[in-house]
Amino acid sequence: EPEVTQTPSHQVTQMGQEVILRCVPISNHLYFYWYRQILGQKVEFLVSFYNNEISEKSEIFDDQFSVERPDGSNFTLKIRSTKLEDSAMYFCASKNRHNSPLHFGNGTRLTVT
Amino acid sequence: DAKTTQPTSMDCAEGRAANLPCNHSTISGNEYVYWYRQIHSQGPQYIIHGLKNNETNEMASLIITEDRKSSTLILPHATLRDTAVYYCIVLDYGGSQGNLIFGKGTKLSVKP
């Protein structure tokens with residue numbers, strides 16, 4: 001069964017550094033998402049992306065965050081200057097139609113020290 | 001904010017049916033009921049969804065009451081690997097990109 005793939009599984013970075021989290025959505029999918037989950041808390045929506053532009057974003061997704069689909073297969077989340085509070089699991093998700101279920105990857109654990 | 005209410009936790013004996021309830025008393029006519037689960041910090045896993053009718057797939061059954069104000073997810077023969085947090089989410093595709101809003105879910109513990 002096709003899967004959403006995320007790399008790396010764990011990323012450690014120092015405060016203030018830029019980090020890029022990578023995702024390969026399922027190949028025929030057209031809608032892409034990032035969610036995050038701080039340890040012990042709820043899964044939170046960050047941003048949705050369709051037709052090469054952001055469709056919707058949450059309050060969390062401020063100017064420090066950006067997303068990109070640099071080629072036909074990858075979908076990336078960049079955090080420009082990481083803060084301690086950015087430490088979380090980051091989940092990428094995708095779906096092929098507007099009213100299809102979302103399929104999630106297994107996440108990247110980001111640790112900011 | 002999540003528009004559903006679920007028990008914080010439930011236990012189930014291995015091999016028995018797990019029945020997970022969800023209240024969504026303010027659900028509108030266009031909103032679907034979705035169920036996901038999350039096994040120990042893995043990514044959320046889609047289980048099943050429905051609008052009005054009961055649904056069944058290889059993982060579970062979804063029973064939606066006639067007034068659509070509540071639903072029950074049924075795992076017919078729970079195994080230890082079904083231990084997870086189960087999320088009930090209502091979703092209207094009409095006004096959004098279908099962004100799932102997760103609540104706290106129900107922590108299901110399947111015991112031997």
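The analysis underlying the following values was restricted to heavy atoms, covering all of them including side chains, and did not include hydrogens, waters or symmetry mates. A note on names: the letters A, B, ... follow the listed sequences, proteins ahead of strands, and every chain is numbered from 1.
- Heavy atoms closer than 4.5 Å to chain A are found in the side chain of B:Gln38, but not in its backbone.
- Listed options A:Gly107, A:Ala93, A:Cys92, A:Ser100 were ranked by heavy-atom pairs under 4.5 angstrom with chain B; first place goes to A:Ser100.
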**Study point:** Check against salt bridge (charged side-chain N to carboxylate O under 4.0 Å, His left out), A:Glu18 and A:Arg80
**Key:** CA-CA 5 Å; A:Glu18 176 183 285; A:Arg80 250 178 282 282; over 6 Å; no

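- Both tests do not hold together for A:Lys42 against B:Phe102: distance to the six-membered ring centre under 6.0 Å, angle to the ring axis within 45°.
- Using modelled atom types, one finds a donor on one side chain and an acceptor on the other under 3.5 Å when comparing B:Asp67 with B:Thr65.
- Heavy atoms closer than 4.5 Å to chain B are found nowhere in A:Ser58, neither backbone nor side chain.
- Only the side chain of B:Tyr36 has a heavy atom closer than 4.5 Å to any heavy atom of chain A.
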Practice item. Begin with the C-alpha distance, continue with both residues' side-chain angles, and end with the deciding distance and a verdict on salt bridge (charged side-chain N to carboxylate O under 4.0 Å, His left out) for B:Glu66 and B:Lys52. Key: CA-CA 8 Å; B:Glu66 196 167 336; B:Lys52 296 179 184 176; over 6 Å; no

